[in-house]
> 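I'd like to ask you about the structure that follows.
All chains are named by letter (A, B, ...) in the order of the sequence lines, taking the proteins before the strands, and each is independently numbered beginning at 1.
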Amino acid sequence: MVRRNLSQWFFRITDYAERLLADIEMLEHWPERVKTMQRNWIGRSEGAQFTIQVEGGGRFEVFTTRPDTIFGMTFCVLAPEHPLVDELVAGRPEEAEVRAYQEKASHASELERLAEGEKTGVFTGRYAINPVNGKRVPIYIADYVLMGYGTGAIMAVPAEDQRDWDFATRYGLEIIRTVQPPDDWDGEAYSGDGPTINSDFLNGLSREEAKEKAIQWLEENGVGKRSVNYRLRDWLISRQRYWGAPIPIIDCPSCGLVPVPYEQLPVLLPEVTDWLPKGKSPLAAVDTFVETTCPECGGPAKRETDTMDTFVDSSWYFLRFCDPRNDDAPFDPEKARYWMPVDQYIGGIEHAVLHLLYARFITKVLYDMGLAPVEEPFARLFTQGMITLGGAKMSKSKGNVVDPVDMYESHGADALRLYHLFMGPPTEDAVWTNSGIDGTRRFLERVWRLAARDIEYSDRPEDERDRELLGVAHRSLRKVTEDIERFQFNTAVPPLMVLANALSDYTNGEPRKETFDAALRLLLLMLAPMSPHIAHEIWERRGFEGMLAEQPWPDWDPDLAREETVTMVVQVNGKVRDRIDVPADITPEEAERLALASEKARAFIDGHEVRKMVARPPRLVNIVVG
RNA sequence: GCCGGAGUGUUGGAAUCGGUAGACAAGAUCGCCUCAAAAGCGAUUGCCCUAACGGGCGUGUGGGUUCGAGUCCCACCUCCGGCACCA
């Protein structure tokens with residue numbers, strides 16, 4: 001592996017940082033977790049940017065979130081890649097050491113730099129002047145300052161920043177507190193609030209007040225200004241790979257970089273025989289692709305051979321889905337207006353930032369161009385968890401993989417699907433267990449036997465047994481309907497098991513065919529989305545009308561779902577003392593009367609004064625005695 | 001370090017609005033069926049005391065609010081996830 005500097009293409013997503021952040025507020029039906037991850041990823045911070053003069057000539061910009069601590073600056077740090085470094089050290093005794101450090105830093109990956117733990121750096125031999133008080137402070141280069149964030153240079157305030165503290169103590173640099181830490185403070189850098197000290201015109205102010213006043217000073221003296229920084233970086237879209245949309249740019253020796261004209265889009269991938277990456281795009285080896293003419297001057301020119309990150313494609317495919325057969329344009333904005341936004345988007349949590357942020361960005365760009373009808377592509381987002389095994393994500397390299405094909409063969413797709421739904425809340429990770437799928441397999445087999453059994457039907461008139469079975473069926477239907485709407489599939493499975501058991505019990509005592517069929521029919525309709533094959537097979541064999549897949553979702557009947565009697569709890573001082581069956585429409589007075597009549601409750605009441613009764617019919621009566 | 005989420009039986013989990021904690025499964029034990037086993041069917045299964053009736057305790061810990069708290073409030077502990085020299 002080698003690191004190499006390449007000229008590559010970027011999308012300027014940073015121009016949209018503020019909107020991508022602010023519009024998270026619009027995403028009412030997105031999980032909080034994902035929104036938080038996006039906020040962190042964008043990483044907005046407010047502060048000030050200002051200019052620091054170098055003694056003997058030169059200057060650089062720094063960004064800080066703590067302008068209130070500017071009097072505590074005791075040194076400055078530039079990133080090793082900072083463009084000013086060469087100029088600062090040229091011809092000085094420190095030059096060799098600085099260059100060696102830069103060399104080392106350029107080879108180490110960010111991970112290695114971090115892994116070292118200790119903060120390292122070297123002195124440039126040069127000094128900077130603090131604009132607020134003219135103090136002369138040394139300039140270092142150190143790899144804990146990143147070129148990619150802010151200005152690639154910082155004012156170091158060790159008293160209020162732990163990183164600067166670590167560096168200062170390692171290299172014996174001065175530390176001046178500018179925020180008074182609490183009396184019991186025994187830590188090192190103190191980044192909390194407190195009165196400002198050692199800071200001339202900021203003394204005595206709180207952190208926020210001092211921040212404002214410092215920014216005001218910087219602006220009034222023309223040294224700097226209020227500034228907002230984002231952690232979000234521009235989006236590198238160049239890939240030196242075959243699979244990806246070609247970047248539609250032509251490099252002309254006389255006109256420079258020229259976009260491929262609209263009429264010539266899209267640029268299609270050429271056929272190649274060798275896709276293997278060799279440090280540059282496989283397209284570079286295809287002369288018929290590379291050699292072209294400049295759309296502006298008509299002279300010979302070369303095509304860009306990098307392809308786009310495939311995240312680019314996944315950032316707008318949903319717009320294409322609105323108009324998939326359009327040969328003239330990516331999509332017709334009118335059709336997109338009809339379909340967008342996507343009502344319900346489902347994906348893994350691994351897409352929380354990259355895909356979902358890029359898709360939001362591209363949608364906003366297209367919106368600004370008047371092409372996309374909405375600023376946000378996905379109205380509702382649902383993120384599902386992963387199935388793990390032995391405490392780890394399944395992966396071939398770890399060898400902890402359960403192959404679905406094996407499961408289809410041993411238990412069937414229906415049992416597998418049902419177990420997936422049943423194993424836990426779909427938003428959470430879930431642990432795979434073989435005995436779990438055995439359970440859903442057994443359940444489906446019970447349903448099969450129930451429907452295949454030879455039942456001797458009775459032609460007796462309807463009675464409470466029928467009503468009870470239909471009650472169970474319609475209450476199950478109510479629960480399943482509600483839970484599916486809430487995406488709570490794990491709790492939508494048990495009602496089916498309850499209904500199957502009730503059906504089984506029902507067949508033991510003079511079953512009526514009408515009732516049995518009505519309840520079984522509902523069971524199959526509910527089972528169909530979860531375990532479709534067996535549900536359809538039974539439906540067919542029982543000779544129910546039409547095709548199961550074409551049936552509408554049934555409505556539950558409130559009259560049948562209503563329970564006539566419920567178990568009422570009698571509490572004495574909050575403790576359950578008795579349970580009695582009461583009519584569902586019992587009045588509070590009657591509930592209290594029955595509660596007081598309970599012998600079990602009386603044992604705890606007698607000899608005490610009843611101070612209060614709380615009746616919540618028909619479920620509960622609480623008798624408070626003193 | 002910052003941010004987010006979660007702690008419930010032996011296990012996965014349920015309890016939707018502050019009102020029966022543990023639905024439904026899994027596992028285990030016992031029984032029926034069988035020559036036997038598997039499958040199936042039935043029963044039991046939070047912990048402790050009790051021969052039993054019954055009682056006490058119990059949702060990470062400690063406090064609080066309430067007639068009543070797994071659920072609300074405060075403090076703490078632990079675990080998981082995301083970001084992380086981001087100035």
> So does A:Lys575 get a side-chain nitrogen or oxygen closer than 4.0 Å to the phosphate oxygens (OP1/OP2) of B:U20?
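No.
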> Where the side chain of A:Gln488 is defined as all heavy atoms beyond and including C-beta, which of B:U20, B:C85, B:A15 is the nearest nucleotide?
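Output: B:A15.
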> Can you find a side chain N or O atom of A:Lys119 that sits less than 4.0 Å from OP1 or OP2 on B:C85?
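It does not, given that no N or O in the side chain of A:Lys119 lies less than 4.0 Å from OP1 or OP2 of B:C85.
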> Would you say B:G68 has OP1 or OP2 under 4.0 Å from some side-chain N or O of A:Arg616?
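A:Arg616 to B:G68 OP1/OP2: no side-chain N or O under 4.0 Å.
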> Quick one: on RNA chain B, does A:Gln571 or A:Pro425 contact a more 5' nucleotide (nearest heavy atom)?
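Going by which nucleotide is closer to the 5' end, it is A:Pro425.
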> Could you tell me if A:Lys119 sits above the aromatic ring of A:Tyr144, with its cationic atom closer than 6.0 Å to the ring centre and no more than 45 degrees from the axis?
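Ring-cation test returns yes.
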> Between B:A15 and B:A23, how many Å separate the two C1' atoms, rounded to a whole number?
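Roughly 8 Å separates the two C1' atoms.
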> For the side chain of A:Thr567, counting heavy atoms from C-beta on, which of B:U20, B:A25, B:G81 is nearest?
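Given the options B:U20, B:A25, B:G81, the side chain of A:Thr567 is closest to B:U20.
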> Using only side-chain N and O atoms of A:Asn490, determine if any of them is under 4.0 Å from OP1 or OP2 of B:G12.
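No.
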> Hey, does A:Phe422 have a side-chain heavy atom less than 4.5 Å from the side chain of A:Phe489?
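No; the side chains remain at least 4.5 Å from each other.
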> Just N and O in the side chain of A:Arg44: are any of them under 4.0 Å from OP1 or OP2 of B:C3?
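No, no such contact exists.
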> Please state whether the phosphate of B:C3, meaning OP1 or OP2, lies under 4.0 angstrom from any side-chain nitrogen or oxygen of A:Arg231.
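For A:Arg231, the contact criterion (side-chain N or O under 4.0 Å from OP1 or OP2 of B:C3) is not met.
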